[in-house]
Amino acid sequence: VWIVVSVLVYKLPYIHLKNKFKSKVQQLKYEFPIWLRQLQILLQNNTVVVSLEKSSSLAPQLIQSHLEDFIIKLKNNPQDLSSYMYFLKNYECIEIERAMKLLFRYNSVGKEDSMRQLNRMIQTTAKWLREQRLNVQSSKNQMKQWWGMLPLFGVTIVFITMMSTMLTVFDAY
């Protein structure tokens with residue numbers, strides 16, 4: 001028992017940190033496509049760097065410091081793929097990597113090809129946003145299902161209590 005308790009106490013900070021990281025990743029996966037949609041609107045009339053600067057105030061709080069660094073890197077070297085690839089790399093989110101690759105392509109291609117890249121980015125973001133909304137909705141539904149089981153559990157306990165009372169009453173006669 002002491003070994004299990006000591007291992008649990010030892011692992012508790014790691015588990016807490018891991019859960020905190022997972023919640024930040026979930027928050028990022030939900031907020032990033034919304035911000036990306038706003039960025040896509042700005043891209044229709046602006047360059048990538050100008051669009052990023054204008055959208056930085058609307059960006060999720062979680063990525064604002066990363067975004068400021070990203071804008072500085074792009075101002076110094078706008079054609080550097082590594083700047084795009086290392087944006088939010090710590091969160092290990094494939095969808096963000098794909099979006100950043102599309103943003104790099106949009107920045108790199110000529111004017112005639114840019115609308116095709118923008119449309120591709122819009123389709124990808126719409127799919128991603130739809131999936132995130134469905135995930136949030138399904139997790140809310142799962143929580144409601146468990147709360148729905150609580151009255152059933154209460155009725156079961158009342159039924160068992162009544163049956164045991166009835167058995168003691170009938171055993172007395």
Side-chain angles (χ1 to χ4, degrees), residues 7-109 113-149:
V7 169
L8 184 64
V9 168
Y10 177 73
K11 287 282 191 175
L12 199 61
Y14 169 75
I15 293 169
H16 178 68
L17 192 61
K18 186 176 178 181
N19 287 338
K20 192 175 179 181
F21 177 75
K22 281 184 179 181
S23 77
K24 282 191 175 190
V25 169
Q26 283 302 109
Q27 178 185 359
L28 182 66
K29 283 184 176 183
Y30 185 75
E31 292 177 351
F32 188 82
I34 296 169
W35 169 74
L36 194 59
R37 184 58 64 101
Q38 295 167 347
L39 181 67
Q40 291 165 353
I41 293 169
L42 291 170
L43 281 171
Q44 292 176 357
N45 296 321
N46 302 303
T47 64
V48 172
V49 177
V50 172
S51 298
L52 287 170
E53 286 176 335
K54 288 183 176 184
S55 72
S56 65
S57 64
L58 304 171
Q61 189 70 30
L62 191 60
I63 69 167
Q64 283 189 349
S65 62
H66 298 283
L67 187 60
E68 290 173 7
D69 295 338
F70 181 55
I71 291 170
I72 291 170
K73 287 179 184 176
L74 285 183
K75 283 183 179 179
N76 293 334
N77 190 0
Q79 297 300 323
D80 186 21
L81 177 61
S82 64
S83 299
Y84 291 89
M85 296 310 299
Y86 290 117
F87 180 66
L88 300 175
K89 187 74 171 174
N90 296 340
Y91 291 101
E92 301 171 352
C93 185
I94 294 171
E95 292 89 359
I96 293 175
E97 288 181 22
R98 287 182 187 152
M100 297 316 291
K101 284 180 184 177
L102 286 171
L103 194 61
F104 174 75
R105 285 188 205 134
Y106 180 81
N107 191 32
S108 301
V109 297
D113 208 25
S114 63
M115 285 310 286
R116 192 178 82 202
Q117 294 297 332
L118 184 62
N119 288 332
R120 181 183 289 173
M121 186 185 286
I122 289 170
Q123 290 171 353
T124 305
T125 306
K127 180 182 174 189
W128 182 16
L129 191 57
R130 188 176 332 111
E131 288 173 1
Q132 290 305 313
R133 287 179 177 163
L134 288 174
N135 286 342
V136 168
Q137 187 65 32
S138 69
S139 66
K140 285 181 182 178
N141 285 341
Q142 288 175 354
M143 286 300 293
K144 289 178 185 176
Q145 289 173 352
W146 281 107
W147 281 107
M149 296 296 283

| remark: Sequence neighbours excluded, the answer for side-chain contact (heavy atoms from CB on, under 4.5 Å) partners of V9 is V5
| Any pair counted as ring-ring contact (aromatic ring centres under 6.0 Å, His included), so long as it reaches residues 36-79, sequence neighbours left out | F70-Y84, F70-F87
| request: Output all residues satisfying side chain to side chain donor-acceptor pair (under 3.5 Å) with Q137, sequence neighbours left out; order by chain, then residue number. | output: none
| task | With sequence neighbours excluded, tell me which residues meet side chain to side chain donor-acceptor pair (under 3.5 Å) with W35. | result | S55
| Minimum heavy-atom distance Q79-F104, with the two atoms named | O-CE1, 3.5 Å
| Derivation of the side-chain contact (heavy atoms from CB on, under 4.5 Å) call for L36 and F32 | CA-CA 6 Å; L36 194 59; F32 188 82; 4.1 Å; yes
| Could you give the distance from CG (L81) to CG (N107), rounded to the nearest 0.5 Å? | 11.0 Å
| field | Which residues share a side-chain contact (heavy atoms from CB on, under 4.5 Å) with D80, sequence neighbours left out | value | N77, S82, S83
| Please, which pairs that meet salt bridge (Lys or Arg N to Asp or Glu O under 4.0 Å) have at least one residue in residues 39-50, sequence neighbours excluded? | none
| To the nearest 0.5 Å, how far apart are CG in L67 and CG in L74? | 9.5 Å
| said: Heavy-atom count check: over 12 atoms from other residues, nucleotides or ligands less than 6.0 Å from L12 CG? | reply: yes
| Partners passing side-chain contact (heavy atoms from CB on, under 4.5 Å) against E131 (at least two apart in sequence or in another chain) | K127
| message | Checking the side chain of Q64 only, and the main-chain atoms of A59 only, is there a donor and an acceptor separated by less than 3.5 Å? | response | yes
| said: Going by salt bridge (Lys or Arg N to Asp or Glu O under 4.0 Å), name the pairs with one or both residues in residues 59-69, residues two or more places apart or in two chains. | reply: none
| task | Please name all residues satisfying salt bridge (charged side-chain N to carboxylate O under 4.0 Å, His left out) with E97, sequence neighbours left out, ordered by chain then number. | result | K89
| For R133, what residues pass the side-chain contact (heavy atoms from CB on, under 4.5 Å) criterion, not counting sequence neighbours? | Y30, L129
| field | L17 side, atom CG; K11 side, atom NZ - distance, nearest 0.5 Å | value | 12.5 Å
| field | Residue pair L28 / P60, side-chain heavy-atom distance below 4.5 Å | value | no
| query | Y91: what forms a ring-ring contact (aromatic ring centres under 6.0 Å, His included) with it, not counting sequence neighbours? | reply | none
| task | Mind checking the CG-CG spacing from L39 to N46? Nearest 0.5 Å is all I need. | result | 9.5 Å
| Can you tell me how far CG of L52 sits from OG1 of T47, rounded to the nearest 0.5 angstrom? | 8.5 Å
| task | State, yes or no, whether a side-chain contact exists between M100 and L103 at a heavy-atom distance under 4.5 Å. | result | yes
| said: Is it the case that atom CD in Q61 sees more than 12 heavy atoms from other parts of the structure closer than 6.0 Å? | reply: no
| said: Show me the pairs that pass side chain to side chain donor-acceptor pair (under 3.5 Å) and involve residues 12-29, at least two apart or across chains. | reply: Q27-E31
| query | So how far is it from S51 OG to Y106 OH, rounded to the nearest 0.5 Å? | reply | 7.0 Å
